[in-house]
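Data first, discussion second: the structure below is written as structure tokens.
Source: prediction; values computed, not measured.
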Amino acid sequence: MTGIPTMTITSSDGPRPIPHIGLGTGTVTATGDAVKAAVLEAIKAGYRHFDTATFYGTEKPVGEAIAEALKAGFLKSREEVFVTTKLWCNSNERDLVLPALKKSLQNLGLEYVDLYLIHWPIKINYEHVKIPVPKELVTAIDLKGVWEAMEECQNLGLTKSIGVSNFSSQKIQDILSFAKIPPAVNQVEMNPRWQQKQLNEFCKKNNILITAYSPLASFGNFWGNNSVVECDALQDIAKSKGKTTAQISLRWLYEQGVSFVVKSFNKERMKENFDIFDWSLTAEELSKISQIPQQKLVYLHGLVVKEPNDVTAEIDSKL
């Protein structure tokens with residue numbers, strides 16, 4: 001992999017490196033061609049972790065970009081890239097997990113992924129995406145059955161590691177009570193406005209790496225907001241260090257000992273996101289960030305709860 005710092009997760013091959021920073025590809029505005037072009041630019045810039053999901057609909061362009069990068073010599077081998085994809089909620093049944101991963105691999109044009117995640121710990125009983133999610137279509141997940149199927153996926157060599165996304169400490173504890181292969185990763189919303197201190201501590205104790213999504217509170221997306229990039233405390237620190245608020249947020253995540261995925265298809269911002277590794281935050285600055293008021297943003301991927309009785313709020317309360 002490139003000079004990006006890496007962390008280690010458990011895998012079928014033993015300890016496996018995962019880059020601290022990856023490119024997220026969850027988008028509702030970019031076309032497949034735009035996603036492919038962005039992934040190619042990211043590869044040229046040095047990104048080696050690419051995060052996709054069945055729900056995003058971006059597996060094909062991600063796979064096409066990797067194939068083109070290999071052909072053009074931007075990558076020497078498949079092993080240079082770390083690919084994460086996710087099981088969508090309509091396949092959260094034991095018998096549907098393996099077919100879902102095989103479909104994802106077909107979309108990606110790959111023989112294996114590096115990391116396969118359960119996207120959300122709920123079952124949604126419809127074939128296609130429907131937004132907002134009707135309450136009557138949401139049911140409890142058979143966590144033991146689904147996790148056993150995830151373990152089968154790893155044992156078959158279709159994924160090097162398995163994990164979860166949007167899981168609470170309690171849900172992870174449930175998995176640990178019966179898992180033969182524990183989760184390697186828990187991908188969750190995490191940023192200075194939603195710091196996940198207790199969850200991060202729990203995951204570290206159980207050798208589970210947190211990968212943070214929405215590190216900038218999904219700024220620029222319809223479900224996101226400016227709560228990170230326009231945070232007064234972060235702006236003050238950024239000004240004093242000659243950095244952007246985005247760089248301060250990413251550096252803060254780095255110092256929390258987590259990996260993270262950023263979603264910027266802008267070439268210059270892609271490069272700016274790398275400029276966080278050769279400087280650090282002071283104890284005073286870290287203390288200032290720790291006092292930022294907390295606000296959760298993502299309740300069901302791509303949705304923001306705007307009303308207390310919003311069905312997504314009820315779903316979230318079950319996680």
Point to revise | Neighbour count >12 (heavy atoms, 6.0 Å) for atom CG, N207 | key: no
Review point. With side chains defined as the heavy atoms from C-beta onward, is the minimum distance between T245 and C231 less than 4.5 Å?
Key: no
Exercise for review: Report the relative orientation of the aromatic rings in F277 and H20; use parallel for angles under 30°, tilted for 30 to 60°, perpendicular for over 60°.
Suggested key: tilted
Study note, to complete from the structure: The single option from R251, K243, K241 that satisfies salt bridge (Lys or Arg N to Asp or Glu O under 4.0 Å) with D275 is K243
Check your understanding: Between Y254 and F260, is the gap from one ring center to the other below 6.0 Å?
Key -> no
Point to revise | Ion pair check, D33 and K36, cut-off under 4.0 Å | key: no
Practice item. Step by step, work out the side-chain hydrogen bond (donor to acceptor under 3.5 Å, both in side chains) result for S169 and Q198. Key: CA-CA 9 Å; S169 300; Q198 292 182 334; over 6 Å; no
Exercise for review: Check whether L96 and I122 end up in the same hydrophobic cluster, where Ile, Leu, Val, Met, Phe, Trp and Tyr are linked by side-chain heavy atoms less than 4.5 Å apart.
Suggested key: no
Review point. Got a salt bridge between K288 and D232, using NZ or NE/NH1/NH2 to carboxylate O under 4.0 Å?
Key: no
Check your understanding: Given the rule in the salt bridge (charged side-chain N to carboxylate O under 4.0 Å, His left out) test, do D51 and K86 qualify, once you have shown the distances and angles that lead to the verdict?
Key -> CA-CA 9 Å; D51 179 87; K86 309 177 192 73; 2.7 Å; yes
**Study point:** Expected output: side-chain T159 to main-chain I162 donor-acceptor under 3.5 Å
**Key:** no
Check your understanding: Is the backbone N or O of A65 less than 3.5 Å from a side-chain atom of E68, with the two atoms forming a donor-acceptor pair by type?
Key -> no
**Study point:** Donor-acceptor contact present, side-chain E255 to main-chain W252, <3.5 Å
**Key:** no
Review point. For L209, does its backbone N or O pair with a side-chain atom of N186 as donor and acceptor, under 3.5 Å?
Key: no
**Study point:** Neighbour count >12 (heavy atoms, 6.0 Å) for atom CD, E284
**Key:** no
Point to revise | Greater than 12 external heavy atoms within 6.0 Å of K60's NZ | key: no
Exercise for review: State which residues pass ring-ring contact (aromatic ring centres under 6.0 Å, His included) with Y112; sequence neighbours excluded, sorted by chain then number.
Suggested key: none
Check your understanding: Cut-off 3.5 Å, side chains only: do K204 and N206 have a donor facing an acceptor?
Key -> no
Exercise for review: Using the salt bridge (charged side-chain N to carboxylate O under 4.0 Å, His left out) rule, take D236 and K239 through it: C-alpha gap first, then chi angles, then the decisive distance, then the call.
Suggested key: CA-CA 5 Å; D236 289 346; K239 186 177 181 180; over 6 Å; no
Review point. Does the side chain of V113 come within less than 4.5 Å of L105's, by heavy atoms?
Key: yes
Point to revise | Side chain proximity check, N107 to T54, heavy atoms < 4.5 angstrom | key: no
Revision key, fill the gap. Between P121 and N166, the two heavy atoms sitting closest are CD-O, 3.6 Å
Point to revise | NZ/K271: more than 12 non-hydrogen atoms of other groups inside 6.0 Å | key: no
Review point. Is there a side-chain contact between I21 and V262, using heavy atoms and a 4.5 Å cut-off?
Key: yes
Exercise for review: Flag the pair P192 / L234 as yes when at least one side-chain heavy-atom distance between them is below 4.5 Å, and no otherwise.
Suggested key: yes
**Study point:** salt bridge (charged side-chain N to carboxylate O under 4.0 Å, His left out) assessment of E201 paired with K197
**Key:** CA-CA 6 Å; E201 182 179 343; K197 294 177 183 178; over 6 Å; no
Practice item. Report yes if the side chains of K160 and L115 come closer than 4.5 Å at any heavy-atom pair, otherwise no. Key: no
**Study point:** E136, CD atom: more than 12 neighbouring heavy atoms under 6.0 Å
**Key:** yes
Exercise for review: Would you mind checking if R94 and D142 are paired as a salt bridge, meaning a charged N to carboxylate O distance below 4.0 Å?
Suggested key: no
Review point. What do the steps show when you test S177 against Q173 for side-chain hydrogen bond (donor to acceptor under 3.5 Å, both in side chains), and what is the final call?
Key: CA-CA 6 Å; S177 71; Q173 192 64 61; over 6 Å; no
Practice item. Sequence neighbours left out, what passes side chain to side chain donor-acceptor pair (under 3.5 Å) with T10? Give chain and number order. Key: none
**Study point:** Partner of H119 under ring-ring contact (aromatic ring centres under 6.0 Å, His included), chosen from Y213, F167, Y56
**Key:** Y56
Practice item. Any chance you could measure I237, atom CD1, to S249, atom OG, to the nearest 0.5 Å? Key: 10.5 Å
Point to revise | Side-chain heavy-atom pair I43, F50 within 4.5 angstrom cut-off | key: yes
Exercise for review: Give the C-alpha distance, both sets of side-chain angles, the deciding distance and a yes or no for salt bridge (charged side-chain N to carboxylate O under 4.0 Å, His left out) between E148 and K180.
Suggested key: CA-CA 8 Å; E148 287 173 348; K180 295 178 181 177; over 6 Å; no
Practice item. Would you tell me whether S290 and Q195 have side-chain atoms, one donor and one acceptor, within less than 3.5 Å of each other? Key: no
Check your understanding: Can any side-chain N or O of Q196 pair as donor or acceptor with the backbone N or O of W194 at less than 3.5 Å?
Key -> no
